[in-house]
Amino acid sequence: MSNVQLTAGICLRLVDSSENYDEVLNSKPTMQILSVKKVSSPGGLNQVDRYRIIVSDGEHFLQAMLATQLNNLVDEGHVGKYSIIRVDKFTCNLVQERRLLIVLDMQILVKNHEKIGKPDNAQPTPGDGASSAQQTPAPHSAATPAPVPSTSTISTSAPQQQHQQQQGQSNRAGLNRQNIFPIEGLSPYQNNWTIKARVTNKSDVRTWSNQRGEGKLFNVTLMDETGEIRGTAFNNAVDELYDKLEEGKVYYISKAKVQLAKKQFTTVSNEYELGFERHTEVEECRDTQSLPTIRYNFVPLSGLQDLVKDAICDVIGVVKEVGELGSINSKFGKTVTKRELTLVDKSNFSVRLTLWGKQAEQYSEMNEPVVAFKGVKVGDFGGRSLSMFSSSMMTINPDIPEAHALRGWYDAGGNQASFQAHSNSFSGAAGGALSGFNRSEMKSLQEVNDMLSNTTTDLSEKPVYFSARATIMHIKQENVAYPACPTCNKKVFEQHDGWRCEKCERSYEKPEYRYIITMAVADHTQQAWFQGFNEAGEVIFHRPANKLMEIKFEDETKFGKVMEETIGQQFNFTCRVKQETYNEATKLRYGVQKVLPLNYVEELWGSELARTPICTSVLLLLCLIECFGDVL
DNA sequence: CCCCCCCC
């Protein structure tokens with residue numbers, strides 16, 4: 001421990017204007033961390049926590065930030081207060097006229113060490129010695145020139161001019177390639193920067209038309225090793241830049257406007273975004289060696305439950321199931337194709353992720369690949385779900401350590417694991433099978449009524465879902481099933497040559513009966529009319545509709561008996577309530593999404609009664625009997 | 001200056 005040697009003097013060299021910056025950059029100094037403090041970004045759902053650290057060389061100390069890709073070193077306890085580190089890679093820039101070191105890569109030499117020396121602040125704030133300048137951003141009026149950024153030089157303002165003259169000589173034409181700024185250091189307070197960034201995503205050109213006017217635009221996501229930022233070009237700038245900026249390529253970009261990103265719209269992890277303007281300079285960079293293709297901040301699938309709905313996150317998982325291509329009709333009558341993937345990971349959780357449009361149509365990986373997703377949206381369907389944005393990134397079998405680890409784990413037996421689906425219900429394992437049914441969110445019919453009358457949601461626009469346990473009181477006997485087209489399920493009509501489907505424009509010898517059920521249900525608080533279709537009917541009647549209709553045609557009395565047997569049966573229903581209009585009258589329609597027979601062990605588990613010790617014991621016993629009944 | 005990103 002005692003043989004650790006800090007790189008004395010490095011802090012002063014970092015703030016010394018006359019230093020050779022390249023030498024300082026490459027010196028890989030050994031330093032001690034004096035403090036680690038989490039800094040949470042204000043607002044926004046996609047903001048990643050950051051760590052501010054203070055580093056010391058034993059004589060002086062400096063403020064620094066950890067690049068977010070190093071967050072896990074702190075989160076997992078590998079590094080902390082008084083750790084000795086070797087800074088292998090960093091960048092330094094001016095923020096509020098103070099230098100801020102961003103540590104991009106480091107080695108931990110000693111995790112725990114006593115404090116070395118009595119270091120002083122290498123960069124005391126003029127005036128009071130506190131860090132007020134940093135905490136109170138001065139408004140930059142015209143009278144207060146913004147500080148000149150500096151990453152490749154650590155000169156202060158006077159030598160800066162000298163430095164820029166030197167650069168002018170080496171790079172007369174084109175952009176100032178020496179003065180590369182980290183994306184993470186960009187802010188509206190800086191000008192004269194150049195970033196070197198990869199386009200990781202480029203949107204199509206979109207047009208808009210509203211009361212404020214019309215126009216066109218496109219977005220890109222730009223990334224370097226410190227962070228990412230969204231750039232937007234409007235109108236003329238679209239013509240100028242759309243073809244120039246290609247997805248996957250790296251560019252020098254300067255003279256764009258840095259502005260606050262509106263947090264309700266951002267899907268990219270940055271407080272700011274870039275507005276491309278007429279004078280914005282974009283030049284392709286062919287040396288792409290030093291830039292990673294993508295930077296992730298993975299959340300384990302088990303951790304999705306800690307994220308709020310609509311949060312944006314990165315995940316990596318093995319695609320265990322690939323759903324069929326389907327389509328949905330969105331609110332505005334748009335039809336969109338979709339495909340659901342089921343991801344699993346080492347946390348033994350699974351989650352469904354929806355691909356849209358082209359990505360859904362073109363997905364064809366059938367060999368359970370590892371797939372990394374960046375910037376996907378967290379939903380709460382069935383507990384937790386994920387959905388792609390157009391700005392999200394999907395990378396199949398990425399060449400990154402996390403992917404290799406996951407592959408190894410999966411192939412070495414992880415694929416045999418049973419995965420827990422996200423669910424709010426008490427019984428997580430059951431939650432997966434129930435898919436959307438949340439026992440802990442069960443409501444009485446009265447509570448459903450109250451919820452519906454108090455909701456601010458426009459029920460004609462957006463349906464509300466609920467689960468309730470109720471007993472069937474009555475089923476309308478007439479039209480309990482309809483003759484359906486075996487191909488498209490539409491109603492068919494009997495004609496001289498068989499059963500005619502108008503949609504498929506053909507006739508069938510026999511129809512396929514499908515249930516269409518209107519039933520009165522009740523619980524101890526209320527009654528309601530539910531409507532159910534084929535899946536619901538098969539559960540309620542314990543037989544396909546064809547069979548029930550067979551009985552009806554052969555023996556009316558027996559049919560009446562079957563109908564009667566359903567009365568008094570209790571089920572767990574999951575329903576979708578929507579406001580619909582018939583003949584200018586609006587009414588709420590309760591569509592049954594799912595019917596589940598009761599499972600008495602689980603019903604008890606979820607109840608208050610189960611909290612008593614005696615009941616817990618009995619329930620455990622019941623579970624054991626259920627599991628091992630055959631053996632006992 | 002956009003801001004849609006959907007459905008069960």
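Note that this is a predicted model, so its numbers are computed, not measured. Below, chain A is the first sequence line, B the second, and so on; all start at residue 1.
Per the stacking criterion (ring centres < 5.5 Å, plane angle < 30°), Phe389(A) does not stack onto the base of dC5(B). Look at Phe381(A) and the base of dC8(B); the rings stack, centres closer than 5.5 Å and planes less than 30° apart.
The side chain of Thr354(A) lies closest to dC7(B) when the candidates are dC4(B), dC7(B), dC2(B). For Leu217(A), taking side-chain heavy atoms from C-beta onward, the closest of the listed nucleotides dC8(B), dC2(B), dC5(B) is dC2(B). The side chain of Arg230(A) approaches dC2(B) more closely than any other nucleotide in the set dC6(B), dC8(B), dC2(B). Minimum atom distance to the side chain of Lys334(A) is reached by dC6(B), of the listed dC8(B), dC3(B), dC6(B). Closest to the Ile328(A) side chain, of the nucleotides dC3(B), dC8(B), dC6(B), is dC6(B). Here dC1(B) is the nucleotide among dC5(B), dC1(B), dC2(B) with the atom lying nearest to any side-chain atom of Asn235(A). Taking only side-chain atoms of Lys338(A), from C-beta outward, the nucleotide of dC1(B), dC8(B), dC2(B) with the closest atom is dC8(B). Checking dC4(B), dC1(B), dC6(B) against every side-chain atom of Phe234(A), the shortest atom distance belongs to dC1(B).
Between the OG atom in Ser392(A) and the CG atom in Leu353(A) there is a gap of 8.5 Å [rounded to 0.5 Å]. Interatomic distance, CD of Glu228(A) versus OG1 of Thr68(A), reported as 8.5 Å (0.5 Å rounding).
The distance from atom CD of Gln264(A) to atom P of dC5(B) is 13 Å, rounded to the nearest whole Å. Atom NZ in Lys578(A) sits about 13 Å away from atom C1' in dC8(B), given to the nearest Å. Between the CD atom of Gln211(A) and the C1' atom of dC1(B) there is a distance of 12 Å, rounded to whole Å. Lys216(A) has its NZ atom 16 Å from the P atom of dC3(B), to the nearest Å. The nearest whole Å value for the distance from the CG atom in Asn219(A) to the C1' atom in dC5(B) is 12 Å. Rounded to whole angstrom, the span from the CG atom of Asn236(A) across to the P atom of dC2(B) amounts to 16 Å. Remark: P of dC7(B) and CG of Leu386(A) are 16 Å apart, rounded to the nearest angstrom. Rounded to a whole Å, the CG atom of Leu353(A) is 12 Å from the P atom of dC6(B).
Backbone-only contact: Arg212(A) has heavy atoms under 4.0 Å from sugar-phosphate atoms and none from a base. Counting any heavy atom pair closer than 4.0 Å across all strands shown, Gln359(A) reaches no nucleic acid atom. Across all strands shown, Gln593(A) has heavy atoms under 4.0 Å from sugar-phosphate atoms exclusively, and none from any base. Across all strands, Asn210(A) comes closer than 4.0 Å only to sugar-phosphate atoms, never to a base (heavy-atom distances).
In this model, the phosphate group of dC1(B) is not approached by any side-chain N or O of Lys257(A) to a distance below 4.0 Å at OP1 or OP2. Checking the phosphate oxygens (OP1, OP2) of dC6(B), a side-chain nitrogen or oxygen of Ser387(A) falls inside 4.0 Å. Residue Arg206(A) has no polar side-chain atom (N or O) positioned under 4.0 Å from OP1 or OP2 of dC4(B). The phosphate of dC2(B) (OP1 or OP2) has a side-chain N or O of Trp208(A) nearer than 4.0 angstrom.
Between Trp193(A) and Ala256(A) the shortest heavy-atom distance is CZ2-O, 3.3 Å.
Each ring pair (Phe, Tyr, Trp, His ring centres under 6.0 Å) pair with one or both residues in residues 349-377 of chain A, not counting sequence neighbours, appears once here: Phe349(A)-His422(A).
In summary, Glu281(A) and Lys255(A) engage in a salt bridge, as defined by a charged side-chain N under 4.0 Å from a carboxylate O.
Summary of the strand contacts: Gln259(A) and Lys377(A) both lie near DNA chain B, and taking for each the nucleotide with the nearest heavy atom, the more 5' one is attributed to Gln259(A).
Although no hydrogens or angles enter the test, the distance criterion places a donor-acceptor pair under 3.5 Å between the side chain of Lys202(A) and the main chain of Tyr242(A). Looking only at distances, no side-chain donor or acceptor of Arg514(A) sits under 3.5 Å from a matching main-chain atom of Ala484(A).
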